[in-house]
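For reference, the structure is listed below as structure tokens.
Values below: every heavy atom of this structure, side chains too, minus hydrogens, waters and symmetry copies. Atoms within each ligand, like the ligands themselves, are counted from 1 in listed order.
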Amino acid sequence: MIIQGTFEQLTEKAAAILAQAIRQCIAVKNEAILAVPGGRSVAAIFAKLRQQELPWEQLHIFLLDERLVPTDHEDSNYRLVKEQLGMVAPPGMLHPFPHYPEEPQRGVAEYNKKLKGLGGRFDIVLASSGEDGHIASLFPRHPSIGNPASSFIIVHDAPKPPAERMSASRKLIMQADTGVVLFLGSAKARALRNALDTHLSIVDCPAKIIMELQGYSLLTDQEVPNP
Ligand SMILES: O=C1O[C@H](COP(=O)(O)O)[C@@H](O)[C@H](O)[C@H]1O
């Protein structure tokens, strides 16, 4: 489903979609696993989400991707999520990526183990497209998008700084039931066109991954090109 509106309307809408999916998931399996990105578009959504009446003690929040920096670094996606949701997420429900500067694979192994212990997949994914159509830290025509793992992966040489990152892989994201992808701001207009271009593949535009999910919503404040 494609939803258009103003930035303010869409942040409200995204929070409402996420809250509904979280409630539905918890009603069925008693807990929910939400994966969230960092970046400039999502802080306002987190601010709306934390105002929702949710069973926060049953909601696990993982990072969809992380920059390999300490968790208090200004580039850390966890720092943003903690600032926005740390006051509602009970201890132990917001899962930082373990940062071992010299051993990123150890961090990935631990993060994979933690997710595996909770079922090994996300129920709900929030993603925000970059200018180039990347989501998480999966970049167009880059080894990250071609990685065949169904888990968290290490990403080297990301075209957007910082170059060293970790990310949920394409296959891991694809196992989610519900996905929300954002194209907010005029800088994302080209990425939106690419996401809707049926001649392009997921390798050309990783934001298309979310559009493969059964329950997906694409939210944009940009003009949607005619098919
Ligand atoms: O580097 C990243 O970029 C994307 C998009 O961020 P935005 O600032 O353009 O909204 C983000 O989704 C991802 O989590 C982040 O690591």
Side-chain angles (χ1 to χ4, degrees), residues 6-8 10-11 13-15 17-18 34-49 61-85 94-97 99 104 107-108 111 122 124-145 147 152-170 172-174 176 179-195 202 205-211 213 216-222:
T6 62
F7 183 86
E8 175 66 20
L10 294 173
T11 53
K13 186 73 188 165
I17 293 169
L18 294 172
L34 169 68
V36 296
R40 296 153 295 175
S41 300
V42 289
I45 294 173
F46 296 150
K48 301 272 185 212
L49 189 63
I61 304 173
F62 278 79
L63 298 170
L64 189 61
D65 71 315
E66 179 60 292
R67 293 91 180 262
L68 297 187
V69 293
T71 47
D72 58 354
H73 191 280
E74 63 173 58
D75 284 339
S76 164
N77 287 344
Y78 176 76
R79 191 185 58 83
L80 172 81
V81 180
K82 176 106 171 47
E83 267 170 22
Q84 296 295 330
L85 296 176
L94 183 52
H95 302 287
F97 177 71
H99 178 62
V108 161
Y111 216 42
F122 311 130
I124 306 149
V125 171
L126 173 64
S128 172
S129 175
E131 281 87 341
D132 58 356
H134 84 268
I135 56 159
S137 287
L138 304 177
F139 293 88
R141 295 174 292 280
H142 181 268
S144 52
I145 190 64
N147 190 310
F152 292 105
I153 57 174
I154 290 293
V155 174
H156 299 291
D157 299 321
K160 175 181 174 182
E164 298 301 293
R165 294 161 172 250
M166 82 87 196
S167 183
S169 71
R170 166 182 175 167
L172 177 57
I173 298 173
M174 277 195 165
V180 174
V181 61
L182 311 167
F183 295 85
L184 300 180
S186 56
K188 311 291 172 70
R190 183 174 59 94
L192 174 66
R193 278 199 305 279
N194 288 348
I202 282 174
C205 181
K208 280 174 173 275
I209 296 172
I210 301 294
M211 296 159 74
L213 301 183
Y216 88 85
S217 307
L218 183 162
L219 275 57
T220 187
D221 56 358
Q222 297 303 297

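- The nearest protein atom to atom 4 (C) of ligand 1, hydrogens excluded, is given as H134 NE2, 3.3 Å; this is a heavy-atom distance.
- Separating the CG atom in D157 from the CD atom in E164 is a distance of 6.0 Å, to the nearest 0.5 Å.
- Less than 4.0 angstrom separates some heavy atom of R165 from each of these atoms of ligand 1: 1 (O), 2 (C), 16 (O).
- Of the polar atoms of E131, none of the N or O atoms is found under 3.5 Å from an N or O of ligand 1, judged by distance alone.
- Close contacts of ligand 1 with R40, meaning ligand atoms under 4.0 Å from a residue heavy atom, involve 7 (P), 8 (O), 9 (O), 10 (O).
- Using 4.0 Å as the threshold, N77 has a heavy atom nearer than that to some atom of ligand 1.
- Screening I210, V181, V180, L49 for a side chain to side chain contact (heavy atoms under 4.5 Å, CB included) involving L126 leaves a single residue, V180.
- The shortest N or O to N or O distance between K160 and ligand 1 is below 3.5 Å.
- For ligand 1, the atoms lying closer than 4.0 Å to a non-hydrogen atom of G38 are 11 (C), 12 (O), 14 (O).
- The contact set between ligand 1 and K188, taken as ligand atoms under 4.0 Å from a residue heavy atom, comprises 7 (P), 9 (O), 10 (O).
- No heavy atom of E66 sits closer than 4.0 Å to any atom of ligand 1.
- Two residues are said to be in side-chain contact when any heavy atoms from C-beta on lie closer than 4.5 Å; R165 and F139 meet this criterion.
- Under 3.5 Å, the side chains of D65 and S167 contain no donor-acceptor pair of N or O atoms.
- For the residue pair Q222 / S186, no side-chain donor-acceptor distance below 3.5 Å is found, with atom types taken as modelled.
- Between the OG1 atom of T220 and the CG atom of L182 there is a distance of 9.0 Å, given to the nearest 0.5 Å.
- At least one side-chain heavy atom of L68 sits under 4.5 Å from a side-chain heavy atom of F97.
- Here is the list of ligand 1 atoms found below 4.0 Å of a heavy atom in S41: 10 (O).
- Remark: minimum distance from atom 12 (O) of ligand 1 to any protein heavy atom is reached at S128 O, 3.0 Å.
- Between R193 and E131, none of the side-chain N atoms (NZ, or NE/NH1/NH2) sits under 4.0 Å from a carboxylate O, so this pair counts as no salt bridge.
- On a distance-only criterion, P37 and ligand 1 share no N/O pair closer than 3.5 Å.
- Protein heavy atom nearest atom 16 (O) of ligand 1, with residue, atom name and distance: D65 OD2, 2.6 Å.
- Salt bridge R67/E74: absent, no basic N to carboxylate O contact under 4.0 Å.
- Under 4.0 angstrom from ligand 1, the non-hydrogen atoms of A136 all belong to its backbone.
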